[in-house]
Each structure stands twice: as structure tokens, then as C-alpha cells.
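Presented below is the structure to which this report refers.
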There are 2 protein chains.
Amino acid sequence: MSQPPTPRPTAPTLQEVARAAGVSRSTVSRVVTGSPRVSAEARRAVEEAVARLGYVPNRAARSLATRRTGTIALVVREPESRVFDEPFFAGIVRAVSSAVARTELQLVLLLAAADPQLDPDGSRERDRIERYLTGGHADGALLLSLHGDDPLPQRLHAHGVPVVLGGRPIDDQLPVSWVDVDNLGGAELATTHLLAGGRRHVGALAGPPDMVAARDRLTGFRRARAAAGLPEAPTLEAVGDFTREGGARAMRTLLAREPDLDGVVAASDLAAVGALQALAAVGRRVPEDVAVVGFDDSLVAASAQPPLTTVRQPIDQMGGRLVELLCARLAGESAPRHVVLPTELVVRHST
Amino acid sequence: MSQPPTPRPTAPTLQEVARAAGVSRSTVSRVVTGSPRVSAEARRAVEEAVARLGYVPNRAARSLATRRTGTIALVVREPESRVFDEPFFAGIVRAVSSAVARTELQLVLLLAAADPQLDPDGSRERDRIERYLTGGHADGALLLSLHGDDPLPQRLHAHGVPVVLGGRPIDDQLPVSWVDVDNLGGAELATTHLLAGGRRHVGALAGPPDMVAARDRLTGFRRARAAAGLPEAPTLEAVGDFTREGGARAMRTLLAREPDLDGVVAASDLAAVGALQALAAVGRRVPEDVAVVGFDDSLVAASAQPPLTTVRQPIDQMGGRLVELLCARLAGESAPRHVVLPTELVVRHST
DNA sequence: TTGAAAGCGCTAACAC
DNA sequence: GTGTTAGCGCTTTCAA
């Protein structure tokens, strides 16, 4: 690991503060860490010296001594460079950040992949994240947007790094805890809403099959149909992804296959917007001819033309629970292994 | 700083690898850091032991010894919890992340503010970021979205933390380097485009006055008008912000003041979309009655109804230059102090 | 080429 | 209450 040369101008150390305050290092340490076993007098002297010298504890040294870093990592494991195009990530990052701010911990956000060009199989990036975490730079990690059979949670667990997953893993044998939203229930709600509105030929724009959330939403769609007494209909399901392009593509597929289509449940709001565009391109009106329901309750759903009915995920809650679970693990307290949070339908137009 | 109790299961140390390989710690260290002064034989033995034991260097220890962390921070200094609603941030985070991936460094993303409720004056959060950075957890920092007279760059500089700013600071005396896009030129281009298209009453939806980018864009608007021989017209400028709501609000203000308005240059794409909604609400057609130009070339501009002409910022370049400048500083190499990158107009409809 | 030894700055027993 | 004393795991002279 080649390191650039220039060192930092030396910052004041505990030692120097001790000398300035006329006490020992231990006393300074006690004051700085907030121990009560210090005389008021000593404390005052130390505090004065700290302020005067502009002392800030060196984290590396503290971390080396305590074997803790006071830091947790939020890892967004998104190999396509689309991380923040997804409104969902934006929300969860904010929610987690906000929850962490209420603790003594510091949050670092690790983006898993940057340029797939450079690193087609993701292995180098995988190693980076893994090395960073196993190298002891964080006390624990929140893992988001796991795809397929990503070995990261397994490996971190093997290394003893506490981990909580945002979203249920594909392999439900994994010995890690997770928090998820009720994707299945949400999609069921959305589909039922369309069916109850009198739509006869409701299809699904499915997300990437290697992601659990996408699969759960598709399952919800199927259940709602079944519950309404409708037969299985694979031709009403088109695979896309969570992006606008993916949604548009799936929409075109569906339109070609099912001329009678009068409603679709999309994998995400972005996909729903893509569907809107695909429909406009062939002159189908929304919602008169075809109703479209999104998933995420993001800004794009609210500002779409027409505004989209969509499924709201309790993102703030999710962020809170993720942090809560990880903190409990770090503190050695018991906590639920799995948490599923309810979703709800946000109705924006009457179809 | 109260730390939770549970320690990590102990990971293998250099010491243990040395014993397993039958060499000294120094030799292991040399192999691990890639020093050439090691016999092939010793190297092989060490590599084997490293692999077998699953050894990963402890960063805190290494950092303590080298006084470097191998990490740089990207600080998004956004006090409103709206960080990732802004497509610009999403883009820049991605671009920086991608540029850092090409180096040996690791990127950590620090979100400056989470819950303004908790911390009305931002001081606690400010201290966090500052403590983290001055505590030696990163070798340098990229600072984004500075507002007003944020003392952070000054303070970090005083502490000897290398800093590069994304966006020109208000105080141009600040002894730090920065990378910015040509906001002024972009806004000028956009305004001129409208004027050249025959629009007579072109207004501006300005951004927050405490942000340089917003001010520069407003200046660009004024210059374009002046260049077209038009007089100053304060009533054609309404202050909003970069959000959709801000844009809608400013649009309504302008409409109330200037019934003849036939074009607006918005502070951002989001603001432009807000303007679209405000216009639709009063039955004005876009672009027939009023033309709207955005700023950012984000997804929302492309998918708006109608698709919006907008100003493209070279975000990938900006990310690359930011990282480049910081790396140069870290390596003690010389580099330009300030960089301004060109913007361009993306024309989406003929007005 | 290799090893021994001295820290890097801090915390945490343990005595006083 | 306060100071003394060991380390935490690694890098890096300095000798050999």
C-alpha cells in the first residue's frame, strides 16, 4: 500500500496537555473520556489546557487502545453506478444518518462500486470494502442493496464484524439480522387497488430477479390476483429493473403481448415513470386507458404527470431500526433478529 | 465518549503471521507493505501464512505508526435534510467515488447534518465533522455545498488538514483550493438562448443568496440581459431555492409581478419542475406561453413534461479534478489552486 | 536481506 | 483522586 509522503503538522498530544495542565496523562485521559473520578480543580485545569492547545484526541491511537472505533459503516452495495438515482437509497441514507446522529457514533458511508468498466467482476471493490471493514475501521456495518449471492455478509460475519442487513437476504440461512419493509404486502395492496377499481387486465413490471425486494413485490402481485380469483398469467409479467429505462422496456414488452392491458404495477416509481413514457409514446392515456401504480412514494411519483399512486415504505423507521439493531449488537444487548415494517398505499388518482 | 463493551473476536496480528511463517515481524511488514527488500523465499512463506490465517492489517495501528490513514473524506455540508434530493449531489458523490476508486485511497462520505430539530444551530454536527477530521481519521477532505460563512474550511486548514472545496467559497480570501463549474457562463447561455428565441420578458428563479452557485447563476442571467441591451429589472428576479417548492414559490411571485412574462431561467432542474407546476396551476402553457430552462441536466429535466432545456455541468470531470487536487496536495505535488470547468446548454425544446 | 528495538498516542488496570 | 506502567498492532530506523 503506497502512501503519499507529506505528514501532517504535528497536533498536540495528550502528553502535552498533561504537561500544560500540570497533571498526568491519565488524568487528562479521564477528563477527555468523561470519567467522573476527577477533582473539579484538575478538570478545570485540563479543560483550559485542552482549549488553549486546541487538543483533539487521535482516533487511531484511541482505537488501537480500546479496540473500538466509535464508527459504523453504511455500505451501499450497488454495482451499477446508479446508486443515488434510486430515491430509495437517498432516503435510507438520510434516515440512517439521522438515526446515527442521535448516538455517540460516527457514520461513514461506503459506496461499493464505482466504475464497472474498471472492475467487471466487482472483486477489487469487494476486497476494498471487506478490507476496510475487517481492518477494524468500523465497529459494525449496515449493508444495503445486496444482490444475488454476495459473499460480503458471510465474510464479515466470519471475521466477527457485526452486521445488519437492510433488506432480507436471498439466502435466509445467513446468520445475520436484517430489517426489511413489507414489499410483498405493498405490492399486494397496489394490485388489489387496481383490481378493486375495476381493472381487468393488470400486469406487473417486475424488478431484477436477483433482488429479493423485486421478487417479493412480484409475489405480492401474484397473490393479489389469486385472492381476486384470477388465474396465473405469466404473460402479464415483464421483467425490467428499478430504473426508468427498465420500466419503459418492460412496459413495451407488456403492451406488445397484452393489447387489452388496463393497469400495471411497477417495481419502483422510476420504473413507473418509464412506463408513463412508453404509454405516451403509443398514445395510451393514463389513467383512462391504463392505470399505473409506482413503488417508493418518491418525489418523481408525486411530480409525475399524472401524479402516481404509489406504495410508501417507512424509510425513516427502517433507518432507525437498522441503527438500533446494530447498536444493540455492539452493546451486547439482545435484539430481534429480523424486523419487517409495514408499507402503505398512497392513492393519488382514483383508478 | 461512552463506548459499548463487547470486544471483537481477536483477529490474527502481524506477530502471529511472523511466527507462522518463521520470520520476524519486520519481514512480514515488508511483505505486506510491498517492500522489494525481501527474499523470494521469505515472501512466499509470509504470503502463505497471511492467506492461511486470513490476516488483514489493523488500520488503526498502521495509521498510528505512519500518521496516515489512506482515507479521504467527502463532506456534504447540507444542513437541510435534503441532501440527496438534489440530483447534483448524487452525481458528484458518484463521480468522486469513481475517481477515488482509481487510487489506493478509501473514500468515506460524511453527511454534515441530519436532524436540524435536534441541533438547531448546527454546532453539534459541525463539531462532529470537525472532530472526526482533526482527530486524524482521514488524510484530507473534500467539502461540498458550503453555505454562507461556514468556518469549517478555515478551521480544518488551521489544523493542517488538506482540504479542497467543491464550489467556490463566498470568501475568496480563504487559503484553500477549489473546483467549480462555470455557473455564471451556464446561466448566461441559458438566458441568451431564451432571448435569442424571441422571448421578451425573461425572468430568473434565483437560488438561496447565501450560496455562491446561486449568486453566480443570477449574475449570469443579468449579464445576458445586459449583453442583449436590456435594462436591469429587479422585478424579473424572484428568490427561491434549489428545491421544487422553492421554484414553484418563486414562479408564483414572478407571475404575480409580471403578467407578460414569457420565459424563466431556473436555479436548478428541481426548481424548474416546480415552475412547471406553478404555471400549469394557472393555465399557462409551456413552452408556448412561458419557456422554462433548468440547470443540472438531471433526470427530472429529461423526464419533465415537456422535457426541459437545461445547463449541463461536467460533474464527472468535477469529481475527478477534486480528487486529483487533493491527491496532489497529499503527495506534496504542486497543483492549480482553482479550477473552473465549462458548462454547456442542452436544448430540449425549440424556445 | 533480516531482526531487534523504539516508538506512534491513547486507555486501563493497578497501586498509591 | 491521581500517577505509574503496560500494552494496543504496526512501521521504521539501525545494526548485523
Side-chain angles (χ1 to χ4, degrees), chain A residues 1-5 7-46 50 53-70 131 134-137 139, chain B residues 1-5 7-46 50 53-70 131 134-137 139:
Chain A
M1 195 178 288
S2 72
Q3 303 266 359
R8 258 318 158 61
T10 45
T13 71
L14 231 193
Q15 181 71 270
E16 304 175 47
V17 175
R19 199 169 36 216
V23 297
S24 73
R25 291 179 345 196
S26 324
T27 300
V28 177
S29 176
R30 288 189 190 101
V31 172
V32 171
T33 55
S35 157
R37 336 184 120 274
V38 183
S39 68
E41 177 180 31
R43 162 161 290 122
R44 222 193 24 68
V46 169
V50 164
L53 270 49
Y55 168 76
V56 180
N58 177 313
R59 282 197 174 231
R62 172 176 284 177
S63 165
L64 187 55
T66 58
R67 301 160 141 286
R68 312 199 113 258
T69 62
R131 280 202 320 256
T134 55
H137 238 32
D139 297 334
Chain B
M1 194 178 288
S2 72
Q3 302 268 356
R8 255 325 155 58
T10 45
T13 71
L14 233 194
Q15 180 72 270
E16 303 175 48
V17 175
R19 199 168 37 214
V23 298
S24 73
R25 293 181 338 198
S26 324
T27 301
V28 178
S29 177
R30 288 189 191 102
V31 171
V32 171
T33 55
S35 157
R37 334 184 120 277
V38 183
S39 68
E41 179 181 28
R43 162 160 290 124
R44 224 192 24 67
V46 169
V50 164
L53 271 49
Y55 168 75
V56 180
N58 177 314
R59 281 195 173 232
R62 171 176 285 179
S63 165
L64 186 56
T66 59
R67 297 158 144 288
R68 311 199 113 259
T69 63
R131 281 202 320 256
T134 55
H137 237 32
D139 296 335

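Sequence lines set the chain letters: A, B, ... in the order given, protein chains first and strands last, and positions in each chain run from 1.
- In the set C/dT1, C/dC10, C/dT2, the nucleotide with an atom closest to the side chain of B/Val38 is C/dT2.
- When each of B/Leu64, B/Asn58, B/Thr66 is tested with B/Arg62 by the rule side chain to side chain contact (heavy atoms under 4.5 Å, CB included), just one qualifies, namely B/Thr66.
- Using a 4.0 Å heavy-atom cutoff across all strands shown, A/Ala60 reaches no nucleic acid atom at all.
- What separates CZ of B/Arg44 from P of C/dT1 is a distance of 17 Å, to the nearest Å.
- Checked against C/dC10, D/dT2, D/dG9, the side chain of A/Arg37 finds its nearest nucleotide in D/dT2.
- Atom OH of B/Tyr55 is separated from atom P of D/dG9 by 10 Å (rounded to the nearest Å).
- Under 3.5 Å, the side chain of A/Ser26 and the base of D/dT4 form at least one donor-acceptor pair of N or O atoms.
- Side-chain proximity of B/Thr66 to the nucleotides C/dG9, C/dC10, D/dT12 is greatest for D/dT12.
- Where B/Ser24 and A/Leu64 meet DNA chain C, the nucleotide closest to each residue was compared, and B/Ser24 sits on the side nearer the 5' end.
- Of the candidate nucleotides D/dT11, D/dG1, C/dG9, D/dT11 has the atom lying nearest to any side-chain atom of B/Arg25.
- Taking atom CG of B/Leu14 as the reference point, atom C1' of C/dG7 lies 15 Å away to the nearest angstrom.
- Between the CZ atom of A/Arg68 and the P atom of C/dG9 there is a distance of 24 Å, rounded to whole Å.
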ask   = After noting the C-alpha distance and the side-chain angles of A/Val17 and A/Thr13, does the key distance pass the side-chain contact (heavy atoms from CB on, under 4.5 Å) rule?
value = CA-CA 6 Å; A/Val17 175; A/Thr13 71; over 6 Å; no
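- For B/Arg59 against D/dG9, no side-chain N or O and base N or O form a donor-acceptor pair under 3.5 Å.
- Distance, A/His137 NE2 to D/dC10 C1': 14 Å, rounded to whole Å.
- The nucleotide whose nearest atom lies closest to any side-chain atom of B/Asn58 is, among C/dG9, D/dG9, C/dT2, D/dG9.
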key: Stepwise side-chain contact (heavy atoms from CB on, under 4.5 Å) test for B/Arg43 and B/Val46   = CA-CA 5 Å; B/Arg43 162 160 290 124; B/Val46 169; 5.8 Å; no
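- Side-chain N or O atoms of A/Asp139 include one that pairs as donor or acceptor with a backbone N or O of A/Thr69 at under 3.5 Å.
- Listed nucleotides C/dA5, C/dC10, D/dC8 differ in distance to A/Arg67; the shortest reach to its side chain belongs to D/dC8.
- In this structure, CZ on A/Arg37 lies 13.5 Å from OG on A/Ser26, to the nearest 0.5 angstrom.
- Within the nucleic acid shown, B/Ser29 comes within 4.0 Å of at least one base atom, counting heavy atoms only.
- On a pure distance criterion of 3.5 Å, no polar donor-acceptor pair joins the side chain of B/Arg30 and the base of C/dT1.
- Between A/Ser39 and D/dT2 there is a side-chain polar atom (N or O) within less than 4.0 angstrom of OP1 or OP2.
- Between B/Gln15 atom CD and C/dA5 atom C1' there is a gap of 13 Å when expressed in whole angstrom units.
- Taking atom CZ of residue B/Arg19 and atom P of nucleotide C/dT2, one finds them 20 Å apart after rounding to whole Å.
- A donor-acceptor pair under 3.5 Å links the side-chain atoms of A/Thr33 to the main chain of A/Ser29, judged by distance alone.
- Rounding to whole angstrom units, CZ of residue B/Arg62 and P of C/dG9 are separated by 18 Å.
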